[in-house]
Structure formats: C-alpha cells, structure tokens
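Following: one structure in structure tokens, then a few remarks.
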Amino acid sequence: MSENDTALPETTSPGRAPQQRRVVIVDDHAMFRSGVRHDIGPFVTIVAEAEDVPSAVDAITRTLPDVVLLDVHLPGGGGAEVIKQVHATHPDQRFLALSVSDAAEDVIGVIRAGARGYVTKSISAPELVEAVGRVAEGDAVFSPRLAGFVLDAFSGAIDLASIDEDLDRLSPREREVLRLIARGYAYKEVAKELFISIKTVETHVSSVLRKLQLSNRHQLTRWATDRKLV
Amino acid sequence: MTLDRLDAPAPRLVVRLPDQGWLGGVCAGIAAYLGVSPLFLRLIFIVLASWRLTGVLAYVLVWLIVPLMSDAPDAPGLDAHRRAGLRPQGAAAQAHGPGDWGQLIALALFGSGLVWIVQRSGLGLPTNWFLVGVLASGGLALVWWQADHASAKDLKASDGPFAWLLPLLANWTTALALGVGLLAGASAVVLTAMLLPLGEGAVASRTLAAIGLALVGLAALAAPWLLRVRRALVQAREARIVSDARADMAAHLHDSVLQTLALIQKQAYEPHEVTRLARRQERELRTWLYGTEVPMATLKAALADAAQDIEDDFPVNVEVVVVGDAELTPQLAELVKAAREAMLNAAKHSGAPLVDVYAEADADHVEVFVRDRGRGFDPAAVPEDRLGIDKSIVERMRRHGGTARLRSSAATGTEVTLEMTR
C-alpha cells in the first residue's frame, strides 16, 4: 500500500454538497494524481489515492467513496480488473474512467466492466468536477469520443441471431442524444435542442450505458477488435 | 453464453485454441469463430466419428490445416501496457473447471457408446481396421498434443552428472505420452501391413509396404515438430526486427520528444507557443504509440489532418469524432475543405478554446458538424469582403451537390452543418 492512502473519517449523508463528495483517485502516475488533486481538490474531498489494482481495491473497499476516478491502464490487469474485484463485494460502487490512450477496445472494455462513464485526461477541471457529480448521482457521463465509439459500435445491420433485440438496438431518441453529445453538446444543450428536460437526457444516456454493458451484440466485441484506432 | 466469453476478442480467421480445448483446440477454435458453443461442435465430431471414424479423420485434417492462435502485434504503447499487465490479458489463460471435466467424461462415455452400437450393428468398419484406425489416431493425437503443449515449458539449466536426464524427468508426462503415442503408431503400421490383402506368400511386398507405411507414419507424427522448427526460424527473424524497432524507437524519441522539449525551453515565455508545441508533440506521440496507420484516402484521415493543421496554427483544441468512414472521393475532398474552412473560422474568430468536429458517414450520405462555444456572430452582418463563409463553405458545398447550414448566436456559439449525398 502506498503512503498516500490517507483515509478520512467516513461521512455518509445522502444528497451532500459537492465539496463533501468523497473521491478516490486511481492512477499509476504520481504526477497525474497530484495534477488531478490540484485541479479538483478544492471542489471535492479526496479520501484516498492508489496506484495499482490491489492498492486500489483495498483503498476503495476501505473508504467506500462516492466516485472512483479510475485510469483505464493500471498495473495488475487494468481498470476493468479493479471494477470486477470491487463489484464482487460492493456492486453499487461508482466508477468514472479516465484515459489518455483512447484505444477503443480498452474504453469499451472498462465501460462493459461497469464504469459509469468515460472522459479523456485532457478534460478541464470544472468539467471533471461536473462529471464526478453526475456519476455520484448515478448518471452516466459520455464524452464526445465515447458517444462516437458507441454510435459506431451500434451502427450497421443487426444480425438476425441476436438474442435480445431490445438491448442490441439504440432507439431513435437515444441515437439523437448521442449524436448531439458527439457534436460537443453538453447535456443542458442537448435538452434545449430536443425540447426535453435534462432529466430525460440523463435517462437516455443511462439507458445507452445499460445497453452497452449488457448487450451481447456481436458487433460490439467484433468492432472493438477490428479497429484499434480512435 | 456469458459476457466474459464475449469480451474476449473474436478471432477473424479460424485458429486452433489449444488452451481452451481438450485435444488440439479445433472445436474451441471453430466455435469461437462461429460464435456457437464448443460442446455443439464436439458432439458433431463425436457423432461423425462413430460412423467408421469419419469424424476422427476430419478432426485430424482440420488440426493439420488450421494454424495455431497467434497474437497479432498491437501498437507499441498498447503492447507495452499488455506486457506490464496494465490491460486485461485476453482469454488465453482459461483453466478447465470441474464442470468441464464432467462434460469431458460425459462426451467420452457417449462417444464410446455410439461407437460400440455402430460396431455391433455391423455398419462400422471391420474390427481389425477399426483397431488400426483407433491406434493410429490415438498415437497421432498423443504426439501432436505434446507438440502443442510441451513448447511452453522451459527448463532451468543445472549441472551434475545426470543433468542430461533432467529434461526427461521434469517432462515425464511428455516422455510417457510420446512413448505411448509412438507405440500406438507403430502397432497401427504393423497391423496394417499384416492386414493388406496381398496373398499368402508375398513376404517381400508385405515388408516393403510396412516400411512405406512406417515412413508415412513418421512423417505424420513429425509434422507438428517440423512446423515448430519453421516457426522458430520465423521467430528469430522477428526478434531481429524487434531489436531494429528498438533502435528506431530511440531515434524517434530523439527526433520528436527531445527536440520539442528543447524548443519548449527556448520559448518558455510564450505560453501560446509552448501549448502549441506540447499539443503537437502529444498528438504525434499518441498516434505513434496507440494509433494504427489510417490510410490517407479516407474521410476520417482527411478530417483529422485538417484538424491538425488548424491546431498547429491556432491555440485551439480540435476534437474530431468520426462514425463510419468513406473513401475520399473528389466530392468528399471538397466537403473536407469546407469543413476545414469552418474549423479555421472557429479558431480565428470565436475565441473558444475547443472546436468539436463530428462526422457521420453511411452508405450514401455524409454529414459533418463543426461547432464552437465561442462568441458567435450574425451571418447577415458579415462584411462583403470577408469571403470565408459564403465562398469557401456555402458556395463550395452547393457547387458539389451538398448543402451548408449555419447557426450562430452569442449564447450558444456557432455550428456549421455540412451535408452531402455520395
């Protein structure tokens, strides 16, 4: 365990203010961790940091934070492995994936493992704080890039052998929402554009996330291996 | 089917997966390719095998023809992450659980039962020939199975009077399996030679036939080992390529990263310039580490290229997301030029630090959106002498059979929508 694992006393009150959102940062680069701490430290409570799979699982199960900021690439099997191990005992733990690599297969992999969103490391501090808030409240966070990946993965003809049509297809509305997100629209702007409430946008995005995690659409895996590009 | 299995990358060619199968991984390999359960294929082979060992022959042929699973190299960064254990390891290591053993025993019993019924009913091979078939295929299976699995074991070097015996002792299962396999093969050869319908006195021709059969048998047994020698040669060549690649990497880092760092130090007091250099270097390094070569003549590559140009010239980030892709026809090249002009306008005039570009291409239709959250402007109030939007975007799109729409306001920034049917 690293010496940065400083646990604070647990405070669990529902609907707490943003400053009291408890966050664990998991990344193998100390420099990146300190950068994130510097960026979002004033706006959330960082209860622990970890640098590989075992220390991350330990820190998360010990502190039970609201959100874990999780690097996609980690020693010991990657971010997906952390999610798997934590979800085995704490299925409600929420993760937000962060990465610099943008390899589609890894991003889709960590989302399918159970992360509630994906943002790139170049995200600005206010946006990251907002994303943490969203994940803490149980919503999904899609960056334009992830929206593009998903649209790509769900495009093309449905194979007839698909088991669950409902899970393997995006509804027209979901597709519209994703396209706007890929075009760089924030949830608020998507809501305005489609004349729906932000809550409805969040519902659509969460439903896409669920499909992404549960669908065993063949293309989804085939797609990720076929193109290892952005 | 479980999600775990689906999360493993689906191979695009049929390959054998010995780690997931029982014998040569033939059924596991075909099953992974077709996306069906391996049990289903195993049943097919067993049912076929019960009738005159047809399934056995088919299995042996597939085993010989279909190559072993081999890992295609990823981009260097991804490969390095995999080696360092930063990424999931794929489906290679999959141990057999107790349920699998139960399945194996059930399949074996079912197979033997079927064979027994067919043989008893008189529809099968004559008993002698059946014995030959079983011995030959059993021998082949044992030897080839060893060829697939023994290679992974490496032996520690040690000294002492009996050091040469150690490999044999450490791999006694290998030795045993090879011995039994060879014995079974030899018995099959001898039996065949005796069974050949050559008449009573033809001792000489019987001996010749036995020698010929023995040679054929040896060749069949040795096939995987010969293949492995060839593979070792290929690997040696690849190792040399890897060491060359390492030298290339050092040269690449020197040419790119070191130079950029030097430039950044020189320009430390010009924040725009430093950001530009850093971003350019980041993009280059990222493409080199994680990207795959994108053929230049596609919409995706052309848009990424245009975005890079803009990023180089202005202090903005251009985020390009492309869904689908299309060949870059002259018509689409014009679309990309219009999109580039839109990015340029956003970079120059909007004041926003980020430009989002989203393109969607399907079979007959291409759409590109260029958006910023900048200060916006009134299209009607653009002075006549500023030709950018009208000439370079709207006119150009119209000339080439497309449309351009523009939406701009101080509150939401500017979005240019370009559409074209292919």
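To find a chain, count down the sequence lines: A is the first, B the second, and so on, and within it residues start at 1.
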- Task: Answer yes or no: is there a donor N or O on one side and an acceptor on the other, between the side chain of A/Asp152 and the main chain of B/Val323, under 3.5 Å?
- Result: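 Here the side-chain-to-backbone pair does not exist.
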- When you check the gap from the basic side-chain N to the acidic O, do A/Arg183 and B/Glu367 get nearer than 4.0 Å?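 Salt bridge flag = no for B/Glu367 with A/Arg183.
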- Message: Looking at B/Arg279, I want to see if its CZ is surrounded by more than 12 non-hydrogen atoms of other residues, nucleotides or ligands under 6.0 Å.
- Response: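 Counting other residues, nucleotides and ligands, CZ of B/Arg279 exceeds 12 neighbours.
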- Side-chain touch A/Tyr185/B/Arg373, heavy atoms, less than 4.5 angstrom: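 A/Tyr185 does not reach B/Arg373 side chain to side chain.
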- Query: Does NZ or CZ of A/Arg179 lie under 6.0 Å from the centre of the six-membered ring of B/Tyr358, at an angle within 45° of the ring axis?
  - Reply: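 The answer is no, since A/Arg179 fails at least one limit relative to B/Tyr358.
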- Measuring from B/Glu415:CD to A/Leu180:CG, what's the distance to the nearest 0.5 Å?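 Spacing of CD (B/Glu415) from CG (A/Leu180) equals 8.0 Å.
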- Contact class of A/Asp71 relative to chain B, heavy atoms under 4.5 angstrom: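 Neither part; nothing is under 4.5 Å.
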- For B/Val320 against A/Arg145, the heavy-atom pair lying closest together: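 Where B/Val320 meets A/Arg145 most closely, the heavy atoms are O-NH2, 2.9 Å.
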- Item | Minimum-distance pair of heavy atoms, taken over all atoms of A/Pro144 and B/Asp356 |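 For A/Pro144 versus B/Asp356, the nearest heavy atoms are CG-OD1, 4.1 Å.
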- Message: A/Arg175 vs B/Glu360, test: salt bridge (Lys or Arg N to Asp or Glu O under 4.0 Å). Steps then yes/no.
- Response: CA-CA 12 Å; A/Arg175 194 173 286 275; B/Glu360 205 177 290; 6.0 Å; no
